[in-house]
Amino acid sequence: MSRLTLFNTLTGRQEVFEPIEPKHVRMYVCGVTVYDYCHIGHARSALVFDVLRRYLEHSGYAVTFIKNFTDVDDKIIKRANEQGVNCDVITKKFIQAYHEDMTKLGIRAATEEPKATEHIAVIVQLTERLINKGLAYVVDGDVYFEVAKYPEYGRLSKRRLEDLQVGARVDVNERKHRPMDFALWKNSKPGEPAWESPWGLGRPGWHIECSAMSIRHLGETFDIHGGGMDLIFPHHENEIAQSCGATGKEFARYWVHNGFVQINKEKMSKSLGNFFTIREIFEKSEWSEEVTGEILRYFLLSTHYHGPLDFSDQGLREAKNALNGFYDLFQRLDESEAGATVDKELSGVIERCRGTFHSRMDDDLNTPEALAAFQGMKNDVNKLLGQGVSTSARKTVRKEFRSLGETLGLFQLDTWQFRPVVVPIGQVGETGAALPIGVTRSGLADAEIEELLRERNQSRRRKDFKRADEIRTLLANQGILIEDKPDGTTRWKR
RNA sequence: GGCGCCGUACCCAAGUGGUAAGGGAGCAGUCUGCAAAACUGCGAUGCAGCGGUUCGAACCCGCUCGGCGCCUCCA
């Protein structure tokens, strides 16, 4: 087991993580409201918790990971009305889009991905429980949680009720006892999705669904609850009030929140219109889907999850250049060579990287430091490679990058080549159709490249460097980079 | 009005009491027919500013300046 520590928003401190069950972690993360495509901010949040989940598993825990879809909500209804379709047309479409985007990013599906609309009965039960306890009240088919009845309200977001009421916008809903009270159940208007309930036809409020689904899938008390910083208040504060109010037990023990993705130091958001969707970035990328996914992961993990992160093309380019170095090394590791003079030193290098990686990740998932550990191993291996490393030791190194990198979703590709689709010369442009993603640079088939390199090396042997350089230029124009090795052969990459 | 975050080299970014990781870009060198890659070297006497605590502070305390977030839906 690891000695993982996590920054817990609830206590405001970094704490040693100890799950309720020794070898089993139960975590819940607030997913997305499915009314539009996801942007990079959603990607960051999803990635952070994917990495947390993977690292816990890597550390020997079994993890039950629940991530919900909010599929009943004002914004969804609005969007459906605009398009003159049923809500489930909208939600189905964007749930599918979500899965597509996450797959491209290498983010694994959660153990369960429950939907609010499939938990109406549980939501109703929980609401009844709160009414019976005197913590909620019914007004004309609406049900509200009475915040004043939960004395600990504000303990997550460190706010006092009095402070909130001063500057907060006055709620126009006069049916509430107090402005801070929030809806558990909403009386539905005609044309809105509605379910039978003891209070008439209606639909659930936003916060109650997460309490209901997390309790349903993980129990009344579980280990980790996560989401973006913006959910701390009021969403998570309300979840705590509802859940603890209903069960009388602690809800989640560790609250983990990720920082925002920003554009020019401003929060990326729909209202500001300064957001990039995940699919837009993949579409615009000049690299293949796999490579683009890895660039994005490297970029997003190069900043600690708790802080803000400014999204930029330059940042992406730097991530790509950093990754180039790793895959250049992997290519050299694939080449075989006799000699094993420094194999022993190499195992020391691996051990050191492994130790650093774990201690840095244990420290509140310090992924920037973890990446630095990989850089260190890369540099050390590069130095040793010139001194004689056996083929089996090379394989061991590559395997180590792969297994440690798996936690971050990095270093899993066989080749860092920008060509999921090879379009032999002559075929490009004939169809006139737009090229698939990743082949914007077109390319030559492997055999054609090998043939040209054969000719070039013959030229070099004849000292016909003019012809040799012509071929280099020709290949470069097709996006092929070549590197001459000391033994007279040439390696190439796209 | 309340609560909170951030300010480290050209850029990105760790470090949060013991004398500034790492990456990207740049420059110089080794190697090379040339190139690429790799390797070597160079690069903040200083961590927004000013005070204070301390043997010692980027890290703790106070004030100031600048940027941002939440309090309304938001990852």
Side-chain angles (χ1 to χ4, degrees), chain A residues 9 12 14 29-33 35 38-49 70 73-75 78 154 157-171 179-180 206 226-235 237 257-262 264-272 275 298-299 302-304 306-310 312 314-325 328-329 331-332 356 360 363 366-376 378-379 381-383 385-386 460 463-466 468-469 472-473 476 481-486 490-493:
Chain A
T9 308
Q14 196 167 317
V29 171
C30 289
V32 294
T33 302
Y35 72 105
C38 290
H39 56 60
I40 307 299
H42 300 112
R44 185 183 193 195
S45 186
L47 180 63
V48 164
F49 294 104
T70 297
D73 163 271
D74 291 347
K75 292 189 291 293
K78 184 168 170 245
S157 55
K158 317 282 183 277
R159 289 156 209 252
R160 295 175 304 170
L161 269 180
E162 314 88 77
D163 297 338
L164 288 171
Q165 287 163 359
V166 175
R169 196 169 75 178
V170 181
D171 201 297
M180 285 317 296
W206 176 37
M229 291 280 188
D230 47 358
L231 296 181
I232 295 172
F233 191 90
H235 185 55
E237 195 67 62
H257 293 99
N258 65 277
F260 297 125
V261 174
Q262 312 179 317
N264 295 325
K265 310 286 182 197
E266 280 188 323
K267 179 182 172 182
M268 182 184 287
S269 73
K270 299 263 159 103
S271 50
L272 286 167
F275 62 93
Y298 193 99
F299 169 72
S302 65
T303 298
H304 185 85
H306 206 255
L309 184 161
D310 227 58
S312 67
Q314 190 195 331
L316 249 33
R317 236 177 296 121
E318 288 183 3
K320 156 124 193 329
N321 289 341
L323 279 163
N324 277 346
D328 281 342
L329 171 64
Q331 190 172 18
R332 294 175 70 194
T356 309
R360 302 293 71 202
D363 183 16
N366 195 328
T367 53
E369 293 266 21
L371 294 178
F374 284 128
Q375 292 287 356
K378 185 199 77 180
N379 292 334
V381 173
N382 264 325
K383 277 173 213 164
L385 264 185
R460 286 173 70 211
K463 306 272 186 215
D464 180 2
F465 297 121
K466 184 163 171 281
D469 289 345
R472 187 216 300 282
T473 307
L481 297 176
I482 59 178
E483 294 175 16
D484 295 328
K485 294 195 282 181
T490 301
R491 76 165 74 90
W492 60 274
K493 58 183 178 183

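Please read these numbers as outputs of a predicted model, since none were measured by experiment. Convention: sequence-line order gives letters A, B, ...; per-chain numbering from 1.
We find that CZ of A:F260 is positioned 10 Å from P of B:rA75, with the value rounded to whole Å. Atom pair A:D484:CG and B:rA38:C1' shows a separation of 14 Å (rounding to whole Å applied).
Note on A:K493: every side-chain N or O is 4.0 Å or more away from OP1 and OP2 of B:rA36. A:N366 has no side-chain polar atom (N or O) that falls below the 4.0 Å cut-off from OP1 or OP2 of B:rA14. For the OP1/OP2 pair of B:rU40 and a distance below 4.0 Å, the side-chain nitrogens and oxygens of A:K383 include at least one atom meeting the criterion.
For the P atoms, the distance from B:rG43 to B:rA28 is 16 Å, rounded to whole Å. On the P atoms, B:rA48 is 26 Å away from B:rC42, given to the nearest whole Å. A gap of 24 Å separates the P atoms of B:rU16 and B:rC10, to the nearest Å. B:rC11 and B:rG2 have their C1' atoms separated by 36 Å, with the value rounded to a whole Å. B:rC47 and B:rG7: their C1' atoms are spaced 10 Å apart (whole Å).
If you check B:rC70, B:rA14, B:rA35 against the side chain of A:R472, the one that comes closest is B:rA35. Residue A:R460 places its side chain closer to B:rG33 than to any other of B:rA75, B:rA13, B:rG33.
Using a 4.0 Å heavy-atom criterion, one finds that A:V261 contacts the bases of the nucleic acid, with or without backbone contacts as well. Within 4.0 Å (heavy atoms only), A:G386 reaches no atom of the nucleic acid at all.
Of the residues near RNA chain B, A:R332 and A:S269, the one whose nearest nucleotide (by heavy atom distance) lies more toward the 5' end is A:R332. Annotation: of the two residues near RNA chain B, A:R360 and A:Q262, the 5′-most nearest-nucleotide partner is A:R360.
Taking a pair as Watson-Crick or G-U with both hydrogen-bonding distances under 3.5 Å, the stems of three or more pairs touching RNA chain B are B:1-7 with B:65-71, B:10-12 with B:22-24, B:26-30 with B:38-42, B:48-52 with B:60-64.
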Contact letters for nucleotides 18-25 of chain B, in which S counts primed atoms plus P, OP1 and OP2 and B counts the base, heavy atoms under 4.0 Å: ---BSBSS

